[in-house]
2 protein chains.
Amino acid sequence: MVSNSDSSGALAQRLSDSGLRSTPQREVIYSVLLKKRDHPTAEDVFARAKPEMPMISLATVYNCLETLVQCNLVRAVNFERGPTRYCPNLRPHAHFHDEQTGATHDIDLPAGVLDQVKSVLPVNFDAASVEIIFRGKARTET
Amino acid sequence: MVSNSDSSGALAQRLSDSGLRSTPQREVIYSVLLKKRDHPTAEDVFARAKPEMPMISLATVYNCLETLVQCNLVRAVNFERGPTRYCPNLRPHAHFHDEQTGATHDIDLPAGVLDQVKSVLPVNFDAASVEIIFRGKARTET
DNA sequence: AGCATATTTAGAATGATTCTAATTCCTTGT
DNA sequence: ACAAGGAATTAGAATCATTCTAAATATGCT
Ligand SMILES: [Mn+2]
Ligand SMILES: [Mn+2]
Ligand SMILES: [Zn+2]
Ligand SMILES: [Zn+2]
């Protein structure tokens, strides 16, 4: 299973780069995120990990997700005050939140758009990151 | 006090447009937001309203803020999972969250920038709103 | 005035997340 | 192989912003 070893390898690498250990829990959590990229909540991830690892705890899911975010393998995404959602898409992208369905869509950002957006900042503002969130209605084709 | 009557009038107008009543509590909350535009939390607003209206309750502060947001007189702003902040700036603007100080700054958006950003959306995505959040360090002059 | 409805209020409940403290798991050195 | 020390996991308690509930007030209207 090439893609699995690849992601496992990448994960193990990133973890050890940060002085952290590769654990079965962290690998399962990460694989769950890669398998279905629909921006699940921690509870969603917990439910999806359970069948593969019945003894995993919700606290561990929170711990692992936080670890993956710190390693820059996963982005945490928030809409209003809803539960945090997790996204393994590392390309620069915005999020579109469908108010009808609650679904979250990735919107890839062409190079240059982020720079354009950052150009609105006065010189004394030094932005480490920019986040763009759309809200509206998405027409998914049949 | 021209600006006070103006904002009171605007508030009363917007409220009755929505079939809602102008109340002393709603006026105090709105005036608190206009007086110091530093994106206070509900608790902050509560603390600032108390001296002017000692019997006001926190539940009412939440209720009034929600009402003002529904009337489009105030924007609710969220950073990560922190408490919601409230902003009476109605011009199109982004938010810059200073990670050192925790301060929130309004960044006015020139006409056209929002359109540019919306242009990255595929045709089947219909955005009702766009939110832009910067995170970083702000150099406020002495 | 009398009634219906809107609003306010105090306090309880909620829910996502974090914390605590105990256990288990690894890694490393002997 | 063994032991020690630190890292990670776990269950359950605690936190905290917000929402809900139910009762008391205020307001607008006939
Ligand atoms: Mn958000
Ligand atoms: Mn946010
Ligand atoms: Zn995403
Ligand atoms: Zn603002």
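Just so it is clear: chains get the letters A, B, ... in the order the sequence lines come, proteins before strands, and each one is counted from 1.
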Walk me through whether A:H93 and A:R75 qualify under side chain to side chain contact (heavy atoms under 4.5 Å, CB included).
CA-CA 11 Å; A:H93 68 282; A:R75 268 173 67 177; 3.4 Å; yes

B:Y86 and B:I29: CA distance, side-chain angles, deciding distance, side chain to side chain contact (heavy atoms under 4.5 Å, CB included) verdict
CA-CA 11 Å; B:Y86 297 88; B:I29 300 294; over 6 Å; no

Take B:R135 and B:E80 through the salt bridge (Lys or Arg N to Asp or Glu O under 4.0 Å) test and state the conclusion after the steps.
CA-CA 11 Å; B:R135 240 169 290 273; B:E80 267 87 65; 2.9 Å; yes

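A heavy-atom distance below 4.5 Å is not found between the side chains of A:H97 and B:E131. Side-chain contact between B:E43 and B:L58: present, with at least one pair of heavy atoms (C-beta onward) separated by less than 4.5 Å.
Across the protein-nucleic acid pair, A:L15 atom CG and D:dT9 atom C1' stand 15 Å apart, rounded to whole Å. We find that CG of A:N63 is positioned 12 Å from P of D:dA11, with the value rounded to whole Å. We find that CD of A:Q70 is positioned 16 Å from C1' of D:dA8, with the value rounded to whole Å. Here D:dT10 presents its P atom at 11 Å from NZ of A:K50, a figure rounded to the nearest Å. As rounded to whole Å, 15 Å separates atom C1' of D:dT9 from atom CG of A:L68. The CD-C1' distance, from A:E80 to D:dT19, rounds to 16 Å in whole Å.
Taking 4.0 Å as the cutoff to heavy atoms of chain B, we find the contact window on DNA chain C bounded by C:dT5 to C:dT17.
Not counting sequence neighbours, A:K50 has no partner by the salt bridge (charged side-chain N to carboxylate O under 4.0 Å, His left out) test.
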Distances for protein N/O vs nucleotides 5-7 of chain D N/O pairs under 3.5 angstrom?
| from | atom 1 | to | atom 2 | distance (Å) |
| --- | --- | --- | --- | --- |
| D:dG6 | N2 | A:R21 | NH1 | 3.4 |
| D:dA7 | O4' | A:R21 | NH1 | 3.4 |
| D:dA7 | O4' | A:R21 | NH2 | 3.2 |

Check nucleotides 14-18 of chain D against the protein and report each pair of N or O atoms closer than 3.5 Å, with its distance, or say if there are none.
| from | atom 1 | to | atom 2 | distance (Å) |
| --- | --- | --- | --- | --- |
| D:dT18 | OP1 | B:T84 | N | 2.7 |
| D:dT18 | OP1 | B:T84 | OG1 | 2.9 |
| D:dT18 | OP2 | B:Y62 | OH | 2.6 |

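Dashed line: the shortest gap from a side-chain N or O of B:Q25 to OP1 or OP2 of D:dA26 is not under 4.0 Å.
Interatomic distance, OG1 of A:T140 versus NZ of A:K137, reported as 12.0 Å (0.5 Å rounding).
Within 4.0 Å of A:T23, counting heavy atoms only, lie sugar-phosphate atoms of the nucleic acid but no base atom.
The stretch residues 12-28 of chain A participates, sequence neighbours left out, in no salt bridge (charged side-chain N to carboxylate O under 4.0 Å, His left out) pair at all. Sorted by first and then second residue, the salt bridge (charged side-chain N to carboxylate O under 4.0 Å, His left out) pairs involving residues 97-114 of chain A (not counting sequence neighbours) are A:R91-A:D108.
More than 12 heavy atoms of other residues, nucleotides or ligands lie within 6.0 Å of CZ in A:R81, so this atom counts as buried by the packing criterion.
Taken together through direct or relayed side-chain contacts under 4.5 Å among Ile, Leu, Val, Met, Phe, Trp and Tyr, B:V113 and A:F125 form part of one hydrophobic cluster.
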